[in-house]
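Presented below is the structure to which this report refers.
Position 1 is the first residue of the sequence, and the numbers go up from there. The figures here come from the full heavy-atom set of this structure, side chains too, leaving out hydrogens, waters and symmetry mates. Counting starts at 1 for both ligands and their atoms, in listed order.
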Amino acid sequence: MPRALITGITGQDGLYLAELLLSKGYEVYGFMRGQNNPKRELVETTLPDVKLLTGDLTDLSSILRALDSSKPDEFYNLGAISFVAYSWENAHLTSEVTGLGVLNALEAVRLYSKDDPSKVRFYQASSSEMYGKVQTVPQNEDTLLWPRSPYGVAKVYGHYMTINYRESYGMHASSGILFNHESPRRGPEFVTRKISQAVSRISLGLQKDLSLGNLDARRDWGFAGDYVDAMWRMLQQDTADDYVISTNETHSIREYLDLAFKHVGIEDWTPYVKQDPRFMRPAEVDLLIGDSTKARTTLGWEPKVDFPSLVAMMVDSDLAEQKRLAGL
Ligand code: NAP
Ligand code: GDD
């Protein structure tokens with residue numbers, strides 16, 4: 001039975017990846033921040049077969065202990081402070097967790113695998129946020145990185161450190177440059193979930209309006225369930241490498257609003273949406289659109305859920321949850 005250790009197990013991708021690996025017969029270990037984590041219960045009830053280990057990416061010895069306990073064949077490093085807007089307010093902490101945390105994870109795997117540098121296959125959760133002020137359209141593995149947020153800068157550090165460990169020590173370390181991916185499990189601070197929650201509440205008469213920032217930014221949005229499959233495929237290759245994972249389509253926040261409101265029968269959303277400068281960012285990533293040709297040809301991966309289905313899935317899930325919460 002293959003074994004996997006996942007950091008960020010309590011997050012959106014951690015849950016989908018653990019589900020996928022369990023369905024493939026893996027023994028799955030989840031690395032989770034320690035004492036009294038409010039998300040422990042979520043993992044325990046959703047995925048009771050996942051074995052939880054406590055630790056923190058800023059604590060090298062806790063990662064080493066987790067490696068000793070789980071003896072994994074594959075290590076998926078999904079843990080990060082991942083909310084871009086927050087990263088300006090907490091730039092140092094974001095750098096420590098999202099940037100230096102990757103170094104800790106790589107170093108722990110290197111120390112643990114001294115007898116055979118490719119004993120543990122390593123996946124790093126890199127991000128399209130690294131493209132920032134985009135230098136080519138669409139963006140692929142060769143596009144120059146130009147991050148526009150402390151989060152993006154920290155991800156660039158982790159990305160290059162992963163490549164450096166692969167080249168320096170012969171580690172099987174791959175980096176997935178994933179474009180935005182969403183789902184009903186997305187945190188409510190991210191724009192897609194913020195909208196799907198608000199739209200469902202507005203349609204049920206539980207909320208009057210919704211405040212947002214920049215409506216003109218464009219993202220290449222896919223479904224998280226499809227994207228974790230790409231992570232797994234990367235670690236099944238004989239040679240480690242870096243891959244862009246994207247739908248190759250771009251849509252604005254306005255287009256997401258169009259589809260989400262139409263889904264509940266509201267044609268004109270303008271009376272319900274307010275723009276609030278509090279949600280504008282000091283520097284914006286205006287346009288993301290990926291070119292995932294390499295992953296499609298080498299990994300045989302392709303996304304299954306398209307943009308309208310993703311929006312419908314998220315609104316339907318929030319409608320059901322809001323009805324349940326309101327006892328409707
Ligand atoms: P998420 O829902 O925000 O989950 C982040 C996870 O990191 C949570 O489990 C969190 O645990 C954990 N974490 C935070 N600080 C930690 C620390 N100091 N030590 C250990 N774990 C820590 O993010 P996601 O959407 O699943 O994304 C997974 C990864 O992919 C992240 O690295 C993200 O930056 C990257 N990524 C995401 C996207 C996307 O569109 N979703 C795109 C590209 C890359 P707690 O529950 O304890 O906070
Ligand atoms: N969160 C949020 N809240 N975003 C808003 C809002 C709002 O009220 N109004 C407009 N936006 C715009 C943001 O300015 C941004 O241009 C876009 O919506 C998407 O914001 P997020 O959903 O917060 O995601 P992100 O693109 O900044 O970052 C996500 O994707 C990255 C990959 O490109 C995160 O998951 C990152 O961790 C990930 O690396």
Side-chain angles (χ1 to χ4, degrees), residues 6-17 30-40 42-43 54-59 62-63 66 76-87 93-94 96-98 100-102 104-105 123-132 139 147-149 151-152 154-155 158-159 175-183 185-195 198 210-224 227-228 231 244-246 252-254 256-257 273-288 290:
I6 303 174
T7 72
I9 188 72
T10 58
Q12 170 188 253
D13 291 8
L15 290 169
Y16 280 109
L17 179 63
F31 181 83
M32 198 192 68
R33 282 198 283 181
Q35 207 178 342
N36 205 16
N37 189 322
K39 298 222 188 118
R40 173 183 274 272
L42 170 75
V43 183
T54 52
D56 194 298
L57 281 167
T58 59
D59 180 347
S62 72
I63 311 172
Y76 294 88
N77 187 38
L78 310 186
I81 290 180
S82 77
F83 186 36
V84 173
Y86 175 91
S87 77
L93 181 62
T94 304
E96 287 203 333
V97 176
T98 305
L100 283 170
V102 186
N104 283 339
Y123 173 83
Q124 168 56 17
S126 286
S127 165
S128 53
E129 180 72 16
M130 301 190 304
Y131 294 122
Q139 297 87 51
R148 296 266 280 172
S149 61
Y151 166 84
K155 280 287 177 190
H159 181 67
S175 188
I177 306 173
L178 270 54
F179 282 65
N180 298 48
H181 45 281
E182 320 293 313
S183 74
R185 288 175 175 159
R186 188 57 141 153
E189 65 274 35
F190 299 95
V191 77
T192 54
R193 185 78 198 286
K194 186 172 169 182
I195 295 172
L210 161 68
S211 295
L212 293 171
N214 177 12
L215 303 184
D216 297 312
R218 302 184 73 85
R219 290 290 182 274
D220 180 330
W221 277 300
F223 170 53
Y227 284 39
V228 297
M231 298 175 187
V244 161
I245 302 298
S246 60
S252 65
I253 317 293
R254 287 178 198 280
Y256 190 98
L257 285 164
V273 176
K274 294 184 171 157
Q275 273 194 284
D276 185 332
R278 278 187 306 135
F279 298 113
M280 303 296 278
R281 296 180 178 181
E284 181 60 285
V285 172
D286 296 314
L287 165 68
L288 290 176

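Protein heavy atom nearest atom 26 (O) of ligand 1, with residue, atom name and distance: Asp13 N, 2.8 Å. The closest protein non-hydrogen atom to atom 11 (O) of ligand 1 is Thr10 OG1, 3.2 Å. Protein heavy atom in closest approach to atom 23 (O) of ligand 1: Ser82 OG, 3.5 Å. Atom 38 (C) of ligand 1 has its closest protein heavy atom at His181 CE1, 3.2 Å. What sits closest to atom 29 (C) of ligand 1 on the protein, heavy atoms only, is Leu78 O, 3.1 Å.
Counting heavy atoms closer than 4.0 Å to ligand 2, residue Met280 contributes nothing at all. Only the side chain of Ile253 comes within 4.0 Å of ligand 2, counting heavy atoms alone; its backbone N, CA, C and O stay farther away. Residue-level proximity to ligand 2 for Lys155 is absent, since no heavy atom of it falls below 4.0 angstrom. Of all the heavy atoms of Val84, the ones lying under 4.0 Å from any atom of ligand 2 belong exclusively to the side chain. Under 4.0 Å from ligand 2, the heavy atoms of Ala217 that appear belong solely to its side chain.
Remark: of the listed residues Ser246, Ser128, Ser127, Ser128 is the sole one forming a side-chain contact (heavy atoms from CB on, under 4.5 Å) with Asn180. Applying side chain to side chain donor-acceptor pair (under 3.5 Å) to Ser175 and the options Lys155, Gln124, His159 leaves one that passes, His159.
Using a 30° and 60° split on the angle between ring planes, Tyr123 and Tyr76 fall in the tilted class, from 30° to 60°.
Listed by atom number, the atoms of ligand 1 under 4.0 Å from Ser126 heavy atoms are 43 (C), 44 (C). Interface of Arg186 with ligand 2, defined as ligand atoms under 4.0 Å from a residue heavy atom, comprises 29 (C), 34 (C), 35 (O). Taking every heavy atom of Ala125 and a limit of under 4.0 angstrom, the matching atoms of ligand 1 come to 29 (C), 30 (O), 32 (O), 35 (C). Counting atoms of ligand 1 from 1 in the listed order, those under 4.0 Å from a heavy atom of Asn180 are 40 (O). Interface of Val97 with ligand 1, defined as ligand atoms under 4.0 Å from a residue heavy atom, comprises 15 (N), 16 (C), 17 (C), 18 (N).
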**OP:** Applying side chain to side chain contact (heavy atoms under 4.5 Å, CB included), run through Leu212 and Phe279 and close with a yes or a no.
**Re:** CA-CA 6 Å; Leu212 293 171; Phe279 298 113; 5.7 Å; no

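In this structure a side-chain-to-backbone donor-acceptor pair under 3.5 Å is present from Thr7 to Gly79.
Note: no N/O pair closer than 3.5 Å links Asn77 and ligand 1 by distance alone. Taking only nitrogen or oxygen atoms, main chain and side chain alike, Arg186 reaches within less than 3.5 Å of ligand 1.
Contact annotation: Lys155 has at least one heavy atom less than 4.0 Å from an atom of ligand 1.
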